[in-house]
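In this chain, numbering begins with 1 at the start of the sequence shown. Both ligands and their constituent atoms are indexed starting at 1 by order of listing. All figures in this text were calculated on a predicted structure; none of them were measured in a lab.
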Amino acid sequence: MKRLAPSILSADFSKLGEEAEAVERAGARLLHIDVMDGHFVPNLTIGPAVMKSLIGRTALPFDVHLMISDPDRYAPLFVTEQTEFITVHAEACLHLHRTLQSVRGLGVKAGVALNPATPLSTVEYVLEMADLVLIMSVNPGFGGQSFIPSSLKKVRELAALRDREGYSFEIEIDGGVGTGNIGEISAAGVDIAVAGSAVYGAEDVDAAVRRLLTGMNEAASEHPAV
Ligand code: DX5
Ligand code: ZN
């Protein structure tokens with residue numbers, strides 16, 4: 001089942017609980033948590049305390065995206081009973097295989113993210129250690145940027161590689177996702193679409209989530225093979 005993961009980066013931080021509840025009610029199935037350290041990316045966002053404040057406010061599983069330089073050190077702080085994925089950036093890990101192994105060892109699913117300029121070959125030999133591969137479709141750091149079209153090619157290649165080799169990781173895309181491109185993104189083979197400004201920047205958050213889900217699932221039924 002394809003899932004939409006609204007990113008709270010674009011939510012109103014003064015009422016984060018309500019913002020999470022709103023997307024859950026509308027049919028989202030994951031909550032994307034963007035963690036930035038001002039070092040790996042030129043922005044600072046939230047840490048584990050803010051994420052943990054949402055436990056009990058929403059039942060949505062957390063999809064933690066660590067845009068930080070030292071994921072080995074900080075990943076354990078994001079483990080909760082509600083954490084489904086902890087995703088690290090391939091570019092930030094000197095020993096990526098070991099890092100993915102340690103994340104799984106924490107009892108959560110391990111994800112690996114690739115920046116737009118990073119080739120798929122970077123992760124080719126660790127794919128059996130990954131539960132999720134996150135294709136960045138913007139340069140990480142900020143919400144509201146434009147989708148980089150070459151990311152779709154990367155998704156198609158990754159989906160083909162997964163089929164060929166029989167891997168079971170999910171494919172996620174993050175950055176510049178909206179109603180205008182969600183169909184194409186879904187048809188390319190994406191299982192989880194992150195959307196920040198397209199959800200929380202919308203006048204009607206509920207309607208925005210429903211529109212994105214419709215676009216995602218219509219494309220999936222037109223392309224049953226992906
Ligand atoms: C960007 C973050 C994204 C961001 C997406 O660095 O990783 O998750 O919230 O925002 P939109 O959907 O607005 O591009
Ligand atoms: Zn993200």
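- Residue contact check: Asp174 has heavy atoms under 4.0 Å from atoms 2 (C), 3 (C), 4 (C), 5 (C), 7 (O), 8 (O) of ligand 1.
- Ligand 1 has a nitrogen or oxygen under 3.5 angstrom from a nitrogen or oxygen of Gly176.
- Contact atoms of ligand 1 toward Ala195: 12 (O) (distance under 4.0 Å to a heavy atom of the residue).
- Using a 4.5 Å heavy-atom cutoff, the side chains of Arg210 and Leu213 are not in contact.
- Among all non-hydrogen protein atoms, the one lying nearest atom 13 (O) of ligand 1 is Ser197 OG, 2.6 Å.
- Of the options Ser7, Ser146, Gly196, Ser10, the smallest heavy-atom separation from atom 9 (O) of ligand 1 is shown by Ser7.
- In the vicinity of Met67, heavy-atom distances shorter than 4.0 Å reach the ligand 1 atoms 6 (O), 7 (O).
- Every atom of ligand 1 is numbered from 1 in the order shown, and the set under 4.0 Å from a heavy atom of His32 is 8 (O).
- Closest to atom 4 (C) of ligand 1 among all protein heavy atoms lies Asp34 OD2, 3.7 Å.
- On a distance-only criterion, Asn139 and ligand 1 share no N/O pair closer than 3.5 Å.
- The shortest heavy-atom distance from Gly141 to ligand 1 is under 4.0 Å.
- Arg57 pairs with exactly one of Glu21, Glu18, Glu24, Glu19 by the side-chain hydrogen bond (donor to acceptor under 3.5 Å, both in side chains) rule, that one being Glu21.
- In this structure, atom 1 (C) of ligand 1 lies nearest to the protein heavy atom Phe142 O, 3.5 Å.
- Looking at His65 and the Zn ion (ligand 2) together, the shortest N, O or S contact belongs to ND1.
- His39 and Ser69 share a side-chain donor-acceptor pair at under 3.5 Å.
- Between the side chain of Asn181 and the backbone N or O of Gly176 there is at least one donor-acceptor pair closer than 3.5 Å.
- The backbone N or O of Gly175 lies less than 3.5 Å from a partner atom in the side chain of Ser137, making a donor-acceptor pair.
- A side-chain donor from one of Thr83 and Thr80 sits under 3.5 Å from a side-chain acceptor of the other.
- Near Pro140, with a cut-off below 4.0 Å to any heavy atom, the atoms of ligand 1 are 6 (O).
- A donor-acceptor pair shorter than 3.5 Å can be found between the side chains of Asp34 and His32.
- A side-chain donor-acceptor contact under 3.5 Å links Thr99 and Asp72.
- Every atom of ligand 1 is numbered from 1 in the order shown, and the set under 4.0 Å from a heavy atom of Gly175 is 14 (O).
- Put simply, the side chain of Thr87 never gets that close to the backbone of His65: no donor and acceptor are under 3.5 Å apart.
- Without hydrogens or angle criteria, Asp204 side chain to Asp206 main chain gives a donor-acceptor distance under 3.5 Å.
- Those atoms of ligand 1 with a heavy atom of Gly143 less than 4.0 angstrom away are 10 (O), 13 (O).
- At distances below 3.5 Å, not a single donor-acceptor pair connects side-chain atoms of Lys109 with backbone N or O atoms of Val103.
- Of all the atoms in ligand 1, the ones that sit under 4.0 Å from a non-hydrogen atom of His65 are 7 (O).
- Checking side-chain atoms of Lys154 against main-chain N and O of Pro119 turns up no donor-acceptor pair under 3.5 Å.
- Taking the N/O/S atoms of Asp174 in turn, the shortest distance to the Zn ion (ligand 2) belongs to OD2.
- For atom 11 (P) of ligand 1, the choice among Gly178, Gly144, Ala193 with the nearest heavy atom turns out to be Gly144.
- With respect to the Zn ion (ligand 2), Asp34 has OD1 as its nearest N, O or S atom.
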